[in-house]
Amino acid sequence: MNRTDRDTTIINKIKAYSLSDDSYWSFKGRSDRQHCHALIQYPAMMVPQMQGELIDVIRSEDRDIKTVFDPFVGSGTTLGESMMRGLDFVGHDINPLAILACEVKSGPLFTKKLEEKATNLLFHIENNTNDTVAVNFPGIDKWFIPNVQLELSAIYLAIKSEPSKWARKIFWLALSNTVRATCNSRSSTYKLHIKSEEQIDKVGSPKEIFKKNILKSIENIKIQKQLLAEKGYLSRTKGVSKIKIRNVDAKLRKPSKIKYDLLISSPPYGDNATTVTYGQFSYLPLQWIDISDINESIQPKLLELQNSIDNSSLGGSLKEINEKYRALENKSPSLNKCVAEINSVNPDNTRKLISFTYDLNLAITNSVQELRKDAYMIWTLGNRRISNIEVPLDLIMRELLESLDCKFVYQLERDIPNKRMPNRNKIATTMGKETVLIMRR
Ligand SMILES: C[S@@+](CC[C@H](N)C(=O)[O-])C[C@H]1O[C@@H](n2cnc3c(N)ncnc32)[C@H](O)[C@@H]1O
């Protein structure tokens with residue numbers, strides 16, 4: 001079959017799903033997060049079942065897919081779905097917390113040993129008599145009340161004394177969820193935003209919350225292992241997939257030796273500061289984790305300040321805007337139109353859009369170069385609003401990719417019933433839809 005016929009078959013297969021139910025791809029009521037997908041709470045996670053079905057459609061027509069690439073891997077939704085299909089996987093992200101989540105999902109899945117180690121860990125935490133705080137960072141007293149600091153310290157020290165790194169990673173991830181639940185920052189926003197006195201008075205016990213988290217994690221890892229075994233993708237205590245997870249800034253070119261066969265990813269929908277502050281979300285958990293345990297690619301400078309991750313993410317720098325816009329000008333008519341519209345309302349806001357798109361273009365240029373000829377790309381995208389004007393990221397992305405000689409295959413739009421996006425924010429407003437853009441290299 002030639003490439004165009006193959007594209008047509010893929011389009012028809014995707015369309016066939018929604019023939020009897022036009023909201024099929026919304027996955028309403030079918031998007032719960034199970035097994036490894038339930039190990040972390042992370043902002044703007046994709047629907048695992050949907051990504052899985054899209055991988056299946058593409059694989060049914062492109063039989064040579066061995067390695068999947070996600071340059072914005074986040075919590076690793078695409079990683080978990082690739083593992084369930086025995087595919088090799090390479091995932092990059094700028095956020096060390098995302099790298100930790102993916103490392104844990106990747107395994108090994110020593111479930112019996114894990115249960116023993118968790119029992120031992122919980123015993124140590126319970127019997128800890130230490131009365132000093134184990135970590136220090138600017139603002140610790142603002143974000144954690146004294147008793148929470150002491151209980152988190154007991155957990156931190158118990159994890160540090162666990163000899164196996166694979167187990168420590170699982171424990172750190174459970175601790176990261178515990179830190180989010182017991183800090184003084186509101187859970188209604190991803191930004192660091194102090195709770196009211198009444199809310200702070202109600203903060204729960206880190207030891208109790210951690211215990212629940214770790215027991216839940218063990219259950220989820222057991223289910224992941226069982227599913228992999230049922231599907232024939234477990235080799236002893238590990239998934240068969242070869243996995244490489246790296247703390248990489250997608251803007252910077254990091255060429256790989258092999259070419260990937262399928263890209264499936266969801267980039268941020270705008271600069272972190274005005275869409276989703278992944279960095280602020282992760283700042284407090286990362287202060288309570290020994291980051292040298294995550295993996296050797298972690299860049300410690302990303303943890304220095306509350307805004308270090310967000311400033312390094314796409315659109316994080318507003319420098320040299322005119323040069324950036326000139327570099328983009330001929331690539332995307334939709335970007336130009338949108339910039340002109342926003343400019344007539346609030347010229348300052350165009351800077352954010354230009355800087356984000358400039359970085360996005362660098363990132364996708366790098367990503368496309370990592371793909372083999374004819375590899376498919378599945379991009380999940382959202383159109384946010386700036387100055388109440390919709391930014392057509394789906395069109396901009398398509399045009400940027402076309403300027404790299406990629407071919408448009410198909411685009412589907414879906415409702416996002418539960419996705420948490422910022423809703424009280426000067427620039428972004430709540431998003432109810434997202435687009436899946438399928439292109440071919
Ligand atoms: C929409 S999220 C991905 C969520 C993921 N699909 C999931 O299901 O969890 C976008 C990700 O892009 C990452 N990111 C932002 N700027 C980046 C950059 N310059 N390089 C690499 N990753 C970046 C963020 O840290 C975030 O994890």
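Index from 1, following the sequence. Please read these numbers as outputs of a predicted model, since none were measured by experiment. Whatever order the structure lists them in is the order used to number ligands and atoms, beginning at 1.
The residues Lys117 and Glu162 are annotated as salt-bridged, a charged nitrogen and a carboxylate oxygen being separated by less than 4.0 angstrom. The pair Lys407-Glu402 does not meet the salt-bridge criterion, since no charged nitrogen lies less than 4.0 angstrom from a carboxylate oxygen.
Polar contact with ligand 1: present for Thr77 (N/O pair, distance under 3.5 Å). Below 3.5 Å of separation, one finds an N or O of Asp93 facing an N or O of ligand 1. In terms of N/O distances under 3.5 Å, ligand 1 is approached by Ala250. Inclusion of Met46 in the set of residues having an N or O under 3.5 Å from an N or O of ligand 1 is warranted. Inclusion of Tyr278 in the set of residues having an N or O under 3.5 Å from an N or O of ligand 1 is not warranted. Note: an N/O pair closer than 3.5 Å links Ile94 and ligand 1 by distance alone. By the 3.5 Å distance cut-off applied to N or O atoms, Ser266 is not counted among the residues near ligand 1. Distances between N or O atoms of Ala98 and those of ligand 1 include no value under 3.5 Å.
Contact annotation: for Tyr42 versus ligand 1, heavy atoms closer than 4.0 Å belong to the side chain alone. Residue Asp359 does not touch ligand 1, judged by heavy-atom distances below 4.0 Å.
Under a 4.0 angstrom heavy-atom cut-off, Val73 registers as being in contact with ligand 1. At a 4.0 Å cut-off, not a single heavy atom of Thr78 sits close enough to ligand 1 to count as contact.
Phe171 has its ring centre no less than 6.0 Å from the ring centre of Trp166. Tyr325 and Tyr358 have their aromatic ring centers separated by at least 6.0 angstrom.
Geometrically, Arg384 does not engage Tyr269 in a cation-pi contact defined by less than 6.0 Å to the ring centre and at most 45° from the axis. Both the sub-6.0 Å distance and the 45° axial angle are satisfied by Arg30 relative to the ring of Phe27.
Each of the atoms 20 (N), 21 (C) of ligand 1 lies under 4.0 Å from some heavy atom of Val248. Those atoms of ligand 1 that come under 4.0 Å of a heavy atom in Ser75, given as number and element, are 7 (C), 8 (O), 9 (O). Those atoms of ligand 1 that come under 4.0 Å of a heavy atom in Ser313, given as number and element, are 15 (C), 16 (N). Atoms of ligand 1 lying under 4.0 Å from at least one heavy atom of Asn95, given by number and element, are 25 (O). The distance from ligand 1 to the heavy atoms of Ala44 drops below 4.0 Å at these ligand atoms: 1 (C), 4 (C). Close approach to Asp249 involves these atoms of ligand 1, each under 4.0 Å from a residue heavy atom: 18 (C), 19 (N), 20 (N). Taking every non-hydrogen atom of Leu314 and a distance limit under 4.0 Å, the qualifying atoms of ligand 1 come out as 16 (N), 19 (N).
For the residue pair Glu434 / Asn383, no side-chain donor-acceptor distance below 3.5 Å is found, with atom types taken as modelled. Lys13 and Ser60 share a side-chain donor-acceptor pair at under 3.5 Å. Donor-acceptor pairing under 3.5 Å is recorded for the side chains of Thr111 and Lys225. A donor-acceptor contact under 3.5 angstrom links the side chains of Ser265 and Asp70, judged on distance only.
Around NZ of Lys165, the count of heavy atoms belonging to other residues, nucleotides or ligands within 6.0 Å exceeds 12.
Screening Lys373, Lys66, Arg372 for a salt bridge (charged side-chain N to carboxylate O under 4.0 Å, His left out) involving Asp261 leaves a single residue, Arg372.
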